[in-house]
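This one's a predicted model, so the numbers in the text were calculated from it and none came from an experiment. If you read the sequence from its start, that first residue is 1, and numbering goes on from there.
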Amino acid sequence: MNTAASHNQQPIEKRVAQQVRRDLMIFAGFIAAGFILSVNLDVIGLIHAWATDSERLQFSKIIGTVIIASVGLTLYIITRYHTHIRALRERLQTEERARRVAMHDQLTGLPNRRHLKGVLNWLLSETDGGKRLAVVMLNLDKFREFNDAHGRPAGDEMMMQVGKVLNVRAGVDGFVARLESDDFVVLLPDQAEEELMEWLSATLTAIEAPIMSGDNWLTTSATAGAAVGLVDGRDAETLLHRASLALRRAKDAHRGWFAFFKTGMDDLVRQRAMFEGELAAAVREDQIAPYFQPLVSLQDGSVRGYEILARWTHPTRGPIPPTHFIPAAEASGAICALTFNLLRRACADAANLPGTPHLSLNVSPVQLEQRDFAHELLKILEEASFPPTRLEVEITEAALVTDREAARAIVDVLQANGVRVALDNFGTGHSSLLQLRQLTFDKLKIDRSFVRAMSTDKEAAVMVRTIISMAKSLGLVVVAEGVEFEDQARALAGLGCDMAQGYYFGRAAAGADSQKTARSKALDSVAAPGLADATS
Ligand code: C2E
Ligand code: CA
Ligand code: CA
């Protein structure tokens, strides 16, 4: 397909030769016309008669002068013509250079989006119906972070390397282009879906091979989306759009892997875009409110703090669960503004809560990739005059899987300023307690699935016991989530669990209400004497 790239471009020498051939034919035409005219008009006879009539002119001298003049004129024309051809060649070369700049990416030398569209449209118009074409769109994973971490020159080197890998993998039949930033497109003709799957898998693996940059080995990975189809009746835009939808799906599902376009993806994406638009507006207009769920001491039943939980009541659709809108906010990037707005409001609401309770803020993994997250958060606390020692952030293991070093840097800044850090939903991920030590958590929250299973499933009970004793040996405060019944609370207290949270102690409620529900439950617990002793 690479020949397709130059479908409307002939080599410069060929174009020059064409021009010379055309000029020579015109020249020969003039000579022939002149010859025919002079024969018809008997020019030689006329000159002869004129020379005979004239006393001063001789026929041979006239003919000699004409021949010398013709040779001189011809030599002059040839020299001028050479200059003209040289200028033509230079003009064509300049044009070619300009065309290359306009059609190619300067960094990798690969064709750019304009060039790609030209080729794709040409392929679509040239191809007779029934032929298959695969459009693969690839994007490097977290390339901005790569640039931040290793510097722009290393990023450029990696980009060139990926371009080379793709060129090799695409072979002579493929066509590779680099779009803006870190997006690449590969066109592969005549690909069946199974073949393409193998191609994608091998290509993504090849991209992951480490490269040497300076003294360091660097690696990257890419995610791909592919649209395969019969080329007839489709335009370039549709195919590219479909590949980008598949890429987006792949990014959501599994970075470093690929997805194929499937019918219906357009609708899903449209719906999602609409939802994300509404969510962005809700965040902007501060429609997402903080609710507070009490965290209770299992030693004396007192409310020690509240977890801030986001609540969104849609004007027409009613309440939307956070399990629905938080992932959308994470994907669209709205999560940052959402969390900070929530924290601002929660700090203000906390002033109306009795005592000086702690607040726990849920932080998404994507936020722990933002370098200035800790500073932004501390700034909000300062503006609200809320002491950092009264705030705790809850992070999940997912944050540690994505970029442990970035997460650690943020955790360090927060802890240095007095903010405590809790590991949320412990037991649902893959962290071992030993790994946790490296991250110096202050608190561990046992996921509610263990608490629920504890009373019926012996293994779950053993697991909870082990988690509590190991966490305590590491000096962590342990919280049990999802405590719904009194006997669960008693059993957990018996195992030495420090704190609990759950419907038994109070559901999440708006500022003032949370205080009411929490207090009554807490007093019940205090009233149950020896809560801790009962299960020991
Ligand atoms: P999570 O951080 O594990 O929060 C606890 C969830 O368990 C809350 O659900 C809470 O209402 C629910 N829960 C509390 N006690 C009980 C109980 O006794 N039984 C049962 N079955 N459930 C209980 P919610 O509010 O629906 O939030 C769900 C998840 O959404 C949260 O899980 C958290 O991952 C996320 N989320 C909520 N608000 C935020 C937020 O502001 N930021 C971020 N990043 N995530 C949030
Ligand atoms: Ca939480
Ligand atoms: Ca949790």
Got a donor-acceptor contact below 3.5 angstrom from the N425 side chain to the D447 backbone?
no

Got more than 12 heavy atoms from elsewhere within 6.0 Å of CD, E198?
no

Side chains of D442 and Q415, heavy atoms from C-beta outward: is any pair under 4.5 Å?
yes

Minimum heavy-atom distance Q367-C336, with the two atoms named:
NE2-CA, 3.8 Å

Can you measure from CG (L338) to CG (D286) and round to the nearest 0.5 angstrom?
9.5 Å

Please find the pair of heavy atoms, one from N147 and one from G155, that lie closest to each other, and give the distance.
OD1-CA, 3.2 Å

Check whether any side-chain heavy atom of V419 lies under 4.5 Å from a side-chain heavy atom of L378, and answer yes or no.
yes

Is any side-chain heavy atom of L381 closer than 4.5 Å to a side-chain heavy atom of F386?
yes

T205 side chain to S201 main-chain N or O, any donor-acceptor pair under 3.5 Å?
yes

So, do W312 and H324 sit near enough that their side-chain heavy atoms are less than 4.5 Å apart?
no

So, does N112 use its side chain to make a donor-acceptor pair with the main chain of R114 at under 3.5 Å?
yes

Within a reach of under 6.0 Å around NZ of K379, are more than 12 heavy atoms found that belong to other residues, nucleotides or ligands?
no

Fit a plane to each ring of F258 and F260, take the angle between them on a 0 to 90° scale, and name the class: parallel (under 30°), tilted (30 to 60°) or perpendicular (over 60°).
perpendicular

Check the pair I320, L279 against side-chain contact (heavy atoms from CB on, under 4.5 Å), reporting the backbone distance first and the verdict last.
CA-CA 10 Å; I320 297 178; L279 179 59; over 6 Å; no

Given side chains that start at C-beta, do those of R15 and R89 come closer than 4.5 Å, heavy atoms only?
no

Could you measure the distance from the CD atom of E157 to the CG atom of L218? Nearest 0.5 Å is fine.
7.5 Å

ring-ring contact (aromatic ring centres under 6.0 Å, His included) involving F340 - partner list, sequence neighbours excluded:
F373

Heavy-atom nearest pair, P290 first then L342, reads N-CD1, 3.6 Å

Least distance between heavy atoms, A226 atom then A246 atom:
N-CB, 3.7 Å

H375, NE2: over 12 other non-hydrogen atoms inside 6.0 angstrom
no

Distance, nearest 0.5 Å, that separates CG of L240 from CZ of R242
11.5 Å

Supply the atom-to-atom distance L476 CG to F441 CZ, rounded to the nearest 0.5 angstrom.
9.0 Å

Is it true that D252 and R249 have a side-chain N and a carboxylate O under 4.0 angstrom from each other?
no

Hey, does the side chain of D173 reach the backbone of L188 with a donor-acceptor pair shorter than 3.5 angstrom?
no

side-chain contact (heavy atoms from CB on, under 4.5 Å), that's the test. Do K251 and D141 meet it? Break it down for me.
CA-CA 9 Å; K251 283 252 165 191; D141 298 325; 3.0 Å; yes

S181 backbone acceptor or donor facing R178 side chain under 3.5 Å:
yes

Rounding to 0.5 Å, atoms CG (L110) and NZ (K164) come to a distance of 10.5 Å

Heavy-atom closest pair, residues A154 and H150
CB-O, 3.6 Å

Salt bridge between K445 and E392, side-chain N to carboxylate O under 4.0 Å?
no

Taking the side chain as C-beta and beyond, is there a heavy-atom pair between T223 and N139 under 4.5 Å?
no

Do L120 and V185 have side-chain heavy atoms sitting under 4.5 Å apart?
no

Nearest 0.5 Å, what's the CZ-OG distance between F261 and S244?
9.5 Å

Under the side-chain contact (heavy atoms from CB on, under 4.5 Å) rule, what do L444 and L474 come out as? Steps first, then yes or no, please.
CA-CA 11 Å; L444 190 141; L474 291 172; over 6 Å; no

Qualifying residue for side-chain contact (heavy atoms from CB on, under 4.5 Å) with L377, from V413, L361, T339, D372:
L361

Just wondering, do V162 and L138 contact through their side chains at under 4.5 Å, heavy atoms?
no

Decide whether R344 and N341 meet the rule of one side-chain donor and one side-chain acceptor closer than 3.5 Å.
yes

State, to 0.1 Å, how close A222 and L204 come at their nearest heavy-atom pair, and which atoms those are.
O-CD2, 3.4 Å

If you look only at distance, which donor and acceptor atoms sit under 3.5 Å apart when one is on a side chain in residues 19-28 and the other is two or more places apart or in another chain?
{"unit_1": "Q19", "atom_1": "OE1", "unit_2": "R22", "atom_2": "NH1", "d": "3.1"}
{"unit_1": "Q19", "atom_1": "NE2", "unit_2": "D23", "atom_2": "OD1", "d": "3.4"}
{"unit_1": "D23", "atom_1": "OD2", "unit_2": "Y81", "atom_2": "OH", "d": "2.5"}

Assess whether atom CZ of R152 is packed by more than 12 heavy atoms of other residues, nucleotides or ligands within 6.0 Å.
no

If you take the centroid of each ring, where Trp contributes its six-membered ring, are H314 and F275 closer together than 6.0 Å?
no

Salt-bridge criterion met for R86 and E90 (N-O under 4.0 Å)
no

Where do R248 and E276 land on the salt bridge (charged side-chain N to carboxylate O under 4.0 Å, His left out) test, with the steps shown first?
CA-CA 14 Å; R248 202 165 147 182; E276 283 179 5; 3.8 Å; yes

With a 3.5 Å cut-off and no angle check, do the side chains of E208 and S221 form a donor-acceptor pair?
no

Residue pair D105, M159: steps toward the side-chain contact (heavy atoms from CB on, under 4.5 Å) verdict
CA-CA 11 Å; D105 161 49; M159 197 73 80; 5.9 Å; no

With sequence neighbours left out, what residues match E330 under side chain to side chain donor-acceptor pair (under 3.5 Å)?
S364

Is the number of heavy atoms from other residues, nucleotides or ligands within 6.0 Å of CZ (R144) greater than 12?
no

